[in-house]
Number of protein chains: 2
Amino acid sequence: MRTIKNSPLTRKLSNFVALTEVELAVLARLHKRRRTFEAGRDLVHQGQSEQAAYILASGWVCSYKTQTDGSRQIVDFQIPGDFLGLRSVLLHTSDHSIEPIMEIQAIEVVVDDLLEAFAQTPRLATAILWAVSRDEAMVVEHLVNIGRRDAGERMAHFLLELGVRLTQVGMATKMGYTCPLTQYHLADTLGLSAVHVNRVLRQLREKGLLTFQSGQVVFDDYDGLVTLAGFDPTYLDQAGPLLKQ
Amino acid sequence: MRTIKNSPLTRKLSNFVALTEVELAVLARLHKRRRTFEAGRDLVHQGQSEQAAYILASGWVCSYKTQTDGSRQIVDFQIPGDFLGLRSVLLHTSDHSIEPIMEIQAIEVVVDDLLEAFAQTPRLATAILWAVSRDEAMVVEHLVNIGRRDAGERMAHFLLELGVRLTQVGMATKMGYTCPLTQYHLADTLGLSAVHVNRVLRQLREKGLLTFQSGQVVFDDYDGLVTLAGFDPTYLDQAGPLLKQ
DNA sequence: CGACAAGTTGAAAATGATCAACATCAGTGG
DNA sequence: CCACTGATGTTGATCATTTTCAACTTGTCG
């Protein structure tokens, strides 16, 4: 049976703040309607001013921005336990869109409930501040990835990072993982054209580093990839609770 | 006389949460030693595990990451009122370095005091959560800038954004502003080579759009720049307090 | 089967990087 | 007062990476 104690969000927050029974109860009251969204249809749309945020329960989504010329930049992917649209709610306006990669389930959280919960249990606010900071650290790493690495390094770095994140929730190993992303998703994530993504994947495969085919990422030479990408997973590490009970 | 009530940080946080006298008092107790740092010498160094965060009181700093091959990516610039190193403190490790562009003054904040303050006044935690979210929105916009715009558009967008931020603190107008950044800073910010930065600045000047010489940014054609860059300052807007007294 | 999304490949064009040289200016010490 | 130095800015020539355009393949689903 799935309870509040083993939800992905609780598991994630517990890495930072050891939550008490009272805090778990407050967290439980946040869980409102569970909603299902189909692949490809936007959950939140750029420019919209939203009332609710969500906690992702199952599936993958991507958050992205589109420009007037039609090009888009994927900012990040979210996996179960991650917040969706929290920034939009806090800043009173959505500066980005959120699209499910597959059919997903998400739990709606009303913003007033969340702010009320902070008042009741400040440690929960601290835990969420930590979660937001970790998200920012990932965006920063993407920025470095796009700004200062060539196409091959970008691809290797991105797929390694995704591997580490999925490993943390039991969905990947150092051997590889199942990955529903298309080459178009990769292109929009890495700031490349879809055609070039295809070539880069071929080069990595021919060098014996990694194979990404039929929705499966296989690390043929994990250490070689780490070296190529200059991958340092420190920014993803969970160093253990900062606040004790 | 400079009091807690008109410090840049208070001014910034007040945009989100109307702070009470009690909360202002808690904020005041956070203000510890005021320290001066010279230009070019790192305030926080990548990999270091820091005890303290800072609030920038005067001057500009940049936060950046360096890679093993020596290239660096500037993630963002901070101006007075911004937090420095908050993420490092929350995540228990510094994933980036912070370098003063000029001589700066910063106020040291001990992390335990900050977490203690959250417990006393949860609304302060909410205000800081908002500030962190706004920082993230800026990093996201930089990501789009580097991922999906060409060199000229990037330069225009960056200098326009900086203009808006400086205007919010009274240090710029639509005419232009004083800017201490070198072409190397711009290159490391925009993911370009310093040589190409120089060419791009020349092209913008020859097109009558903007002049950046001798530490002065002059907008020769503001609207033209906005069009070129596809600049939409929504993500920088301060929509007014979400939490009332 | 037909339609459509996704993946693959080649050739030409564009964008930006690298290398190298030189200019300008402020500070420094003889 | 001047030569020297280092940081910054400027320009040209060449090279590498990545994009664009176009065609074609493969697989899936009705």
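Below, read A as the first sequence line, B as the second, and so on, with proteins coming before strands; counting in each chain starts at 1.
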Could you give the distance from [atom1] ([X]) to [atom2] ([Y]), rounded to the nearest 0.5 Å?
{"X": "B:E136", "Y": "A:D135", "atom1": "CD", "atom2": "CG", "result": "5.5 Å"}
{"X": "A:H142", "Y": "A:I74", "atom1": "NE2", "atom2": "CD1", "result": "10.5 Å"}
{"X": "B:S88", "Y": "B:Y54", "atom1": "OG", "atom2": "OH", "result": "11.0 Å"}
{"X": "B:L160", "Y": "B:K174", "atom1": "CG", "atom2": "NZ", "result": "9.5 Å"}
{"X": "A:Y64", "Y": "A:T189", "atom1": "OH", "atom2": "OG1", "result": "12.5 Å"}

Gap between atoms CZ and P, on B:R149 and C:dT15 respectively (whole Å): 17 Å
Spacing between A:D150 atom CG and C:dG16 atom C1', to the nearest angstrom: 14 Å
Nucleic acid footprint by protein, nucleotides 17-23 of chain C - heavy-atom cut-off 4.0 Å, B for base, S for sugar-phosphate alone: SBB----
Test applied, side chain to side chain donor-acceptor pair (under 3.5 Å); reference residue, A:E99; option that passes from A:R41, A:R72, A:H45: A:R72
Test side chain to side chain contact (heavy atoms under 4.5 Å, CB included) applied to A:V140 and B:H96, B:Q73, B:R87, the passing residue: B:R87
Bend angle of the helix from C:dC1-D:dG30 to C:dG30-D:dC1, end axes from five pairs each (to 10°): 30°
Verdict with reasoning, A:D188 to B:R148, per salt bridge (Lys or Arg N to Asp or Glu O under 4.0 Å): CA-CA 9 Å; A:D188 286 343; B:R148 287 296 176 204; 3.1 Å; yes
Under 4.0 angstrom between A:N198 side-chain N/O and C:dT8 OP1 or OP2: yes
Bounds of contact between DNA chain D and chain A, in 5' to 3' order, using a heavy-atom cut-off under 4.0 Å: D:dT18 to D:dC21
Sugar-phosphate, base or nothing in reach of A:A151, heavy atoms under 4.0 Å: sugar-phosphate
Side-chain heavy atoms of A:V197 within contact of A:L201, under 4.5 Å: yes
Those residues of residues 202-213 of chain B lying under 4.0 Å from DNA chain D by at least one heavy atom: B:R202, B:Q213
DNA chain D contacts made by residues 181-190 of chain B, counting heavy atoms under 4.0 Å: B:T182, B:Q183
Please report the shortest heavy-atom distance between [X] and [Y], naming the atom on each side.
{"X": "B:Q78", "Y": "B:D76", "value": "NE2-CB, 3.8 Å"}
{"X": "A:I98", "Y": "A:G85", "value": "CD1-N, 3.7 Å"}
{"X": "A:A57", "Y": "A:P80", "value": "O-CB, 3.6 Å"}

Audit row: A:F158, A:F77, ring-ring contact (aromatic ring centres under 6.0 Å, His included) steps and yes/no: CA-CA 11 Å; A:F158 172 72; A:F77 293 92; 5.7 Å; yes
By salt bridge (Lys or Arg N to Asp or Glu O under 4.0 Å) - contacts of B:E153 (at least two apart): none
Polar side chain donor-acceptor pair, A:Q216 to A:T178, under 3.5 angstrom: yes
